[in-house]
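I have placed the structure first, in the form of structure tokens, so that the comments after it can refer back to it.
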Amino acid sequence: MIEIQPIQKPINATVTVPGSKSYTNRALLVAALAEGRSLLTGALFSDDTHYMCEALRKLGVQIEADEEGCRFEVVGNGGKIPVDHAALYIGNAGTAARSLVSYLALGKGEFIIDGDAPMRRSRPISDLLDALKQLDVNVRSKFDNDFLPLIVRANGLKGGKTRLDASKSSQFLTSLMLAAPYAEKGIIIEVVGEMKTPYIDITTSVMKAFGVDVSHDNYKFFHIQGGQRYQPREYPIEPDASNASYFFAAAAVTGGCVRVTNLSTDSAQGDVRFVNVLERMGCQVERCGDDIEVIGPERLKGIDLDMKAISDTSLTLAAIAPFAESPVTIRNIEHTRHQETDRIHAMVTELRKLGVPVIERQDGVEISPAQITPAEIETYEDHRVAMGFSLIGLKVPGIRIKDPGCVSKTFPTFFDVLATLR
């Protein structure tokens, strides 16, 4: 457990955030598919990227990791999987698990993917399996439910047309897209259900950077031609916009100033738009080329917001909402009930523990201003709960975060960086 120490005056800090998990894991897989040597710079080293890296190594991909230099050197196998069996363990890394399923379909043999308890009980995958079965991929849940472990009996990926419900996670579509260039006939994907498109923009940008074209019709039909091949290259990975949100929010809630370096509002990462939310709440946002600076107001304004597209920052907003002058309403994030934990339930439970009036809805919450009662925060093995609720401790004494090590999923040094704001 860690107790967050309040900051007694407005902060003035410059912060460097580690590389994006979304970019790092996509780039690792794409580099593994390319023929030859790629260098990933500015990469994230965390639990999620560790699990992806180890899984690829078990599948015959040569990867050299330089954690101090934030670099991965990957020697790809040109779309081939040189082993015919492997048991892969991916912890609670949803991006890794889902992306690897379609990748494994390119091989020949039997492969198993398993993970931690949340992957076995609360992080669904059946919609992706249904789409792969339409492409004649032999894949199933071992216990015939919606979760890991999975068994893939691979015999190459012929491709063709498939229909995918991506409403629970855009990672299902990312999985199909990344493997599609190596399908014999390419893949045409019809997407049904409302989906978070910013993460698909990240997928498309990584694929294009490695030489593969993707076309789509307003995110409803995706066409990736077969016969395309990823080209090895040196690829720089930008900082993680989701993790930057905590430091922007720290400025907002303390009335201080935080600049995050090497992150632009032109990023394909949708969560960079969290600064627009803070702007509507009264913050001043300076977009300084490759840096973003947020200056907090004397008192934040309330807001009513659809956060579907940037839902990973919903916990960030929920944590600073009690300090606004009027209620904050977060809408259209029902899909977050199926992430590392039920995030709506988590924010409601922990805010009420702190004495904050909260109305829970199926797809969101309404949070009213409140005087905070100090308490221990349960983190539910969810890095975003831990990082989000730590912001309250910057304003109020007695906020204690249980299981702070869960931040290692995407930001192992988070609490060290948070302490530098002092």
Side-chain angles (χ1 to χ4, degrees), residues 25-26 29 33 48 51-52 55-56 58-59 81 84-196 199-200 203 219-222 224 334-340:
N25 267 350
R26 285 164 173 79
L29 190 66
L33 283 163
D48 275 21
Y51 285 121
M52 176 65 96
L56 291 171
K58 282 191 173 184
L59 295 171
I81 297 178
D84 61 9
H85 65 279
L88 310 179
Y89 191 83
I90 49 71
N92 195 16
T95 307
R98 290 154 176 172
S99 296
L100 285 165
V101 180
S102 299
Y103 175 77
L104 289 171
L106 299 170
K108 293 184 184 295
E110 182 168 299
F111 306 96
I112 296 172
I113 305 177
D114 201 359
D116 289 348
M119 296 298 299
R120 284 177 155 230
R121 66 171 184 249
S122 61
R123 306 200 69 184
I125 200 167
S126 63
D127 292 322
L128 173 58
L129 305 191
D130 289 344
L132 284 166
K133 287 172 183 176
Q134 295 170 52
L135 299 170
D136 294 326
V137 176
N138 185 343
V139 56
R140 67 177 181 88
S141 170
K142 182 176 180 179
F143 300 120
D144 296 319
N145 57 18
D146 198 10
F147 308 107
L148 269 55
L150 303 180
I151 300 171
V152 184
R153 293 187 173 94
N155 189 32
L157 184 57
K158 294 180 176 61
K161 295 181 180 179
T162 190
R163 198 165 185 261
L164 171 70
D165 185 343
S167 58
K168 290 178 183 174
S169 177
S170 64
Q171 291 174 1
F172 301 158
L173 178 55
T174 286
S175 176
L176 292 170
M177 290 173 65
L178 293 176
Y182 292 85
E184 290 177 23
K185 298 184 289 188
I187 297 180
I188 297 173
I189 308 159
E190 179 187 354
V191 179
V192 297
E194 188 181 358
M195 178 183 65
K196 289 172 63 175
Y199 283 101
I200 300 307
T203 303
Y219 297 95
K220 295 300 182 184
F221 288 88
F222 285 76
I224 299 107
E334 183 175 355
H335 63 282
T336 67
R337 291 187 181 275
H338 307 288
Q339 295 187 292
E340 281 82 345

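A quick note: this is a predicted structure, and the numbers were derived from the prediction, not measured.
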Quiz item: Which value, rounded to the nearest 0.5 Å, describes the distance between Leu164 atom CG and Leu132 atom CG?
Solution: 9.0 Å
Quiz item: Who are the ring-ring contact (aromatic ring centres under 6.0 Å, His included) partners of Phe222, not counting sequence neighbours?
Solution: His216
Quiz item: Taking atom types as modelled and ignoring hydrogens, do the side chains of Arg26 and Ser99 form a donor-acceptor contact shorter than 3.5 angstrom?
Solution: no
Quiz item: What is the distance from atom OG of Ser141 to atom CD1 of Ile125, rounded to the nearest 0.5 Å?
Solution: 9.0 Å
Quiz item: Measuring from Leu129:CG to Asn138:CG, what's the distance to the nearest 0.5 Å?
Solution: 11.0 Å
Quiz item: For Gln171, what residues pass the side chain to side chain contact (heavy atoms under 4.5 Å, CB included) criterion, not counting sequence neighbours?
Solution: Thr95, Arg98, Ser169
Quiz item: Does the Thr162 side chain pair with the main chain of Ala131, one donor and one acceptor, at a distance under 3.5 Å?
Solution: yes
Quiz item: Listed by chain and number, what are the ring-ring contact (aromatic ring centres under 6.0 Å, His included) partners of Phe221, not counting sequence neighbours?
Solution: none
Exercise. Could you list the residues that satisfy side-chain hydrogen bond (donor to acceptor under 3.5 Å, both in side chains) with Asp84, not counting sequence neighbours?
Key: none
Quiz item: Rounded to the nearest 0.5 Å, how far does CD1 of Ile90 lie from CE of Met119?
Solution: 4.0 Å
Quiz item: Can you name the closest pair of heavy atoms from Gly193 and Asp165 and give their distance?
Solution: CA-OD1, 4.2 Å
Practice problem: Kindly give the heavy-atom pair with the smallest separation between Lys58 and Ala86, and that separation in Å. | Solution: O-CB, 4.3 Å
Exercise. Could you tell me which residues satisfy side chain to side chain contact (heavy atoms under 4.5 Å, CB included) with Asp116, sequence neighbours excluded, listed by chain and number?
Key: Tyr89, Asn92, Pro118
Enumerate, atom names and distances included, each donor-acceptor pair closer than 3.5 Å involving a side-chain atom of residues 177-186, sequence neighbours excluded.
residue: Tyr182; atom: OH; partner: Leu33; partner atom: O; Å: 2.9
residue: Tyr182; atom: OH; partner: Tyr230; partner atom: N; Å: 3.0

Self-check item: Tyr103 OH to Leu59 CG distance, which is reported to the nearest 0.5 Å
Solution: 5.5 Å
Exercise. For residues Ala55 and Leu100, report the shortest heavy-atom separation together with the two atoms involved.
Key: CB-CD1, 3.6 Å
Quiz prompt | Qualifying salt bridge (charged side-chain N to carboxylate O under 4.0 Å, His left out) pairs with a residue from residues 119-129, counting only residues at least two apart or across chains | solution = Asp114-Arg120, Arg123-Glu340
Quiz prompt | Set of side-chain hydrogen bond (donor to acceptor under 3.5 Å, both in side chains) partners for Lys196, sequence neighbours left out | solution = Ser311
Practice problem: Quick one: list whatever passes side chain to side chain contact (heavy atoms under 4.5 Å, CB included) with Arg163, sequence neighbours left out. | Solution: Gln134, Glu190, Val192
N/O donor-acceptor pairs under 3.5 Å from side chains in residues 148-161, not counting sequence neighbours:
residue: Arg153; atom: NE; partner: Glu110; partner atom: OE1; Å: 2.9
residue: Asn155; atom: OD1; partner: Lys108; partner atom: NZ; Å: 3.2

Quiz item: Which value, rounded to the nearest 0.5 Å, describes the distance between Ser102 atom OG and Leu135 atom CG?
Solution: 8.5 Å
Quiz item: If you count the non-hydrogen atoms of other residues, nucleotides and ligands that lie under 6.0 Å from NZ in Lys133, is the total more than 12?
Solution: yes
Quiz prompt | Residues forming a side-chain hydrogen bond (donor to acceptor under 3.5 Å, both in side chains) with Asp48, sequence neighbours excluded | solution = Lys409
Quiz prompt | Selection residues 127-160 - residue pairs positive for ring pair (Phe, Tyr, Trp, His ring centres under 6.0 Å), sequence neighbours left out | solution = none
